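First up is the structure itself, then whatever we jot down about it.
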Amino acid sequence: MNVFEYQARSLLARYGMPIPAGDVATTPEEARQVAVVLTDGPFVVKSQILAGGRGKGRFLNGFVGGVRLCSDANQVEEVARAMLGGVLVTRQTGPEGRRVDRVLVAKAPRILRELYLAILIDRECRCPVVMGSARGGVDIEEVAREDPEAIHRIRVDPQMGLWPYQARELGLRMGLRGPLLLQAADAIARLYHFFCDCDASLAEINPLAVVEDGKLAVIDAKVSFDENGLFRHPEIARYRTEVIEDGREAEATKAGLNYVGLSGDIGCMVNGAGLAMATMDILHRYGGTPANFLDVGGGADQDQVTKGFGILMKDPRVRAIFVHIFGGILRCDVIARGIVDAVSQVMPKVPIVVRLQGTNLEEGRAILRRSGMSIRTADDLADAAQMAVAAAKEPR
Ligand code: GDP
Ligand code: MN
């Protein structure tokens, strides 16, 4: 689960990370008030969306920059008015962009150098890895591509934790010396502490900046949490309700469905996570792209199938629906009845391809056939997947 920058900042501040003072605002007047309380400028006004690249972003109405420096409270209000309610497009949002409903207003220190610092779980070496670079800032992706050596990595043994010498070594490789090196080692240790304590899966500070007065400052923070650990952190879990990441996902969570929104055009309804993954793989193999991952559960009942159809149908991306269900715990005839009922309730306007397998397959097929609905069926997985891919390409 991703959280907004202003939320990440308040969590990191509790761990003693050097965060410039600031606060979130939802109206231009509130933004001005935050600036007034911070007293003198310069300030920075930052669009709060769950995507990066804001600095180089542009609003659909032409306003340039999702992150803007301002010299006084008047200008903060003006910039906040331009951002709030606008749609910001960055290289991470896709062309449709994201609506900006809140802005962060913070003190903007003068930046001398921009560094990069991140902790994530490296699945390959099965441990947390701390990454640091002297070349942080908005072009970090290019640095990673063109000069990967410039990004240094330190593996942490989760049993032993991060040793102080490891933090100092990384600080050195980030080009820091003297008091700045000690500050960096301290910040790295604090970030690691936060990362473990809060069950984070990613904590990225880009840039971590060397600012005036020889201090370090967290200028931008991106944090995600392992959802399986959220029950241990009610305070962080509360952010979830505030974070409307994907309307589709919010609704599916309410219905108790296991759903991940994707950007393709084939709406998938599958039972069991393994089968769902295999279904997405085979759609890709035949040149299709799934609009979602939806696992209605091994013991899916009719209610869940109906809710699943509802979510798929509300998604304007979906040009075909592929129902792929294995009748194990639930028999195929029960599932087929569920599908027929769901279709008659929801009345999808796009082609539906169904592949059933398992117990009482024959009865299930007969029910689909007798329904008189235009439900396309296939026995073989490859055939079914190709039908779904073709169906999504049909003109509507
Ligand atoms: P991102 O583009 O979404 O990663 O947003 P960032 O918060 O990283 O801001 C992008 C860039 O704007 C940074 O790399 C800085 O160069 C600049 N910037 C952001 N905040 C400040 C600030 O407080 N002071 C100064 N001087 N520059 C800032
Ligand atoms: Mn950044």
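Whatever order the structure lists ligands and atoms in, that order sets their numbers, starting from 1. All of these numbers come straight from a predicted model, not from anything done at the bench.
Note on D383 versus R355: no salt bridge recorded, every NZ/NE/NH1/NH2 to OD/OE distance being 4.0 Å or above. Note on D281 versus R285: no salt bridge recorded, every NZ/NE/NH1/NH2 to OD/OE distance being 4.0 Å or above. For E169 and R173, the salt-bridge test passes: some basic side-chain N is under 4.0 Å from an acidic carboxylate O. A salt bridge is defined here as a Lys NZ or Arg NE, NH1 or NH2 lying under 4.0 Å from an Asp or Glu carboxylate O, and K222 with E204 fails to meet this definition. With respect to R145 and E142, a salt bridge is recorded, a charged nitrogen being found less than 4.0 Å from a carboxylate O.
At least one donor-acceptor pair under 3.5 Å links the side chain of R113 to the backbone N or O of G175. Checking side-chain atoms of D213 against main-chain N and O of K215 turns up no donor-acceptor pair under 3.5 Å.
Of the protein's heavy atoms, A108 CB, 3.7 Å lies nearest to atom 22 (C) of ligand 1. Considering only non-hydrogen protein atoms, atom 12 (O) of ligand 1 sits nearest to V67 CG1, 3.9 Å. Residue, atom and distance of the protein heavy atom nearest to atom 28 (C) of ligand 1 are I111 CD1, 3.7 Å. At the shortest separation from atom 4 (O) of ligand 1 among protein heavy atoms lies D220 OD2, 3.1 Å. Distance from atom 5 (O) of ligand 1 to its nearest protein heavy atom, with residue and atom name: R54 NH2, 3.3 Å. The nearest heavy-atom contact from the protein to atom 21 (C) of ligand 1 is I219 CG2, 3.6 Å.
Here N206 has backbone heavy atoms under 4.0 Å from ligand 1, and that is the only part of it that gets that close. Proximity of P109 to ligand 1, defined as any heavy-atom pair under 4.0 Å, is shared by backbone and side chain alike.
The ligand atoms of ligand 1 that sit less than 4.0 angstrom from a heavy atom of V138 are 2 (O), 10 (C), 11 (C), 14 (O).
Ligand 1 has an N or O atom lying under 3.5 Å from an N or O atom of E114, backbone or side chain. Taking any N or O of K46, backbone or side chain, at least one lies under 3.5 Å from an N or O belonging to ligand 1. Distances between N or O atoms of G55 and those of ligand 1 include at least one value under 3.5 Å.
The Mn ion (ligand 2) lies closest to atom OD2 when only the N/O/S atoms of D220 are considered.
A salt bridge (Lys or Arg N to Asp or Glu O under 4.0 Å) with R232 holds for exactly one of D197, D199, D226; it is D199.
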